[in-house]
Number of protein chains: 2
Amino acid sequence: MEAMDLRVEKMLDGIGLKILAVLQENARMSLASIGQAVGLSSPAVAERVKKLEEAGIIKGYHARIDPEAMGRSVSAFIQLTTDARHYPAVKSLAADLPEITACHHVSGEASFIMQVRVAQVADLEPLVARFSPLGQTRTAIVLSTPVDKGARVPL
Amino acid sequence: MEAMDLRVEKMLDGIGLKILAVLQENARMSLASIGQAVGLSSPAVAERVKKLEEAGIIKGYHARIDPEAMGRSVSAFIQLTTDARHYPAVKSLAADLPEITACHHVSGEASFIMQVRVAQVADLEPLVARFSPLGQTRTAIVLSTPVDKGARVPL
DNA sequence: TCTGAAAGTTTATGAAT
DNA sequence: ATTCATAAACTTTCAGA
């Protein structure tokens, strides 16, 4: 992957980083406005953005939707401590449940940390019940979220 | 908020939900293409999108950037168990550190669950050291992420 | 609230610097 | 690699249903 790293470095000069920063904050900005912001013509921006997409540096563009508006007011973490023979079952269960927004296999005491979104606290119970047979669960309900950068990466 | 809920329900009919689904998957899609997808003219789509934005249902549009490309290969969770007199210090520290991508105040054994992004495992040590004086920390390094819906909400 | 048409922008393409 | 010019596509506005 050496050759690719060379190409990547080329894209991630000051201007490339600024383009990423702009698109990370407002993905619907026109190429012309981005050009103004970074001091480039719009065709130049178009080409750089296309290369950033092709290199897999930009992985997509997503509208961020208020979970409350979708009736998903409660956020929680479910941690599961289990052993290796249950890993496949945990992964496929996590993948099948729409309430699970993320499932991480982690080092440390717990084997998995999962993030969930449900309408009410009561909805956690059946969810936890699905994982209980696979190991020991520990649930933490989110009371507030003082910091949330979304999926945004520090540039 | 009754009046607003009425307005919200109006926006979240089948077409409204479909517009959200489309923009959640590809935030840079043109209003014209969205119109084709949902069976509406582009002015109609433009107006509905504007209303969804104004109602706060659409909170923003963001490019998703590969953290690896930014030299942030390691993801981890730091859990902090502490007492109420340290809460303000934890929150302001979490807000000031760029490596912290999310900080949740939670119920349960731990007081806070924080998600962090660093270049190497070694970079976790100084980070944890900043929180250690405030309580007991527990760090879980992410080995793999079988499920990740990003910030996407199930519609 | 939607459609359809017109006016104004923006983007994509290709040639030239 | 950037700029410029042109054609195509898109967005916005507005009148009317």
So, B/Tyr61 versus B/Glu53: side-chain donor-acceptor pair below 3.5 Å or not?
-> yes
Could you pull out the closest heavy-atom pair between A/Ala69 and B/Ile57, with the gap in Å?
-> CB-CG1, 3.8 Å
Atom pair distance, as rounded to whole Å: CD1 in B/Ile15 and C1' in C/dC2 = 10 Å
Could you pull out the closest heavy-atom pair between A/Val74 and A/Ala119, with the gap in Å?
-> CG2-O, 3.7 Å
Could you tell me whether the side chain of B/Thr101 and the main chain of B/Gln115 form a donor-acceptor pair under 3.5 Å?
-> yes
Within a strict 4.5 Å, meaning less than it, do heavy atoms of the B/Met70 and B/Arg117 side chains meet?
-> no
Side-chain donor or acceptor of B/Thr82 paired with backbone N/O of B/Leu134 under 3.5 Å = yes
B/S/- contact track for nucleotides 11-17 of chain C, protein heavy atom under 4.0 Å = SSB----
In whole angstroms, how far is the P atom of C/dT1 from the CD1 atom of B/Ile19?
-> 12 Å
In whole Å, what is the span from the NZ atom of B/Lys51 to the P atom of D/dT12?
-> 15 Å
Please report, rounded to the nearest Å, how far the P atom of C/dG4 is from the CD atom of B/Gln36.
-> 13 Å
Measure from the side-chain heavy atoms of A/Arg48 and tell me the nearest of D/dT2, C/dT1, C/dT3.
-> D/dT2
Of B/His86, B/His104, B/Gln79, B/Lys91, which is the lone residue that meets side chain to side chain contact (heavy atoms under 4.5 Å, CB included) with B/Phe112?
-> B/Lys91
Starting at CG of A/Leu40 and ending at P of D/dA1, how long is that distance when rounded to a whole Å?
-> 11 Å
Using the C1' atoms of five pairs at each end, what's the angle between the two axes of the helix from C/dT1-D/dA17 to C/dT17-D/dA1, to 10 degrees?
-> 30°
State plainly whether one hydrophobic cluster holds both A/Leu97 and A/Val142, where clusters connect Ile, Leu, Val, Met, Phe, Trp and Tyr through side-chain heavy atoms under 4.5 angstrom apart.
-> no
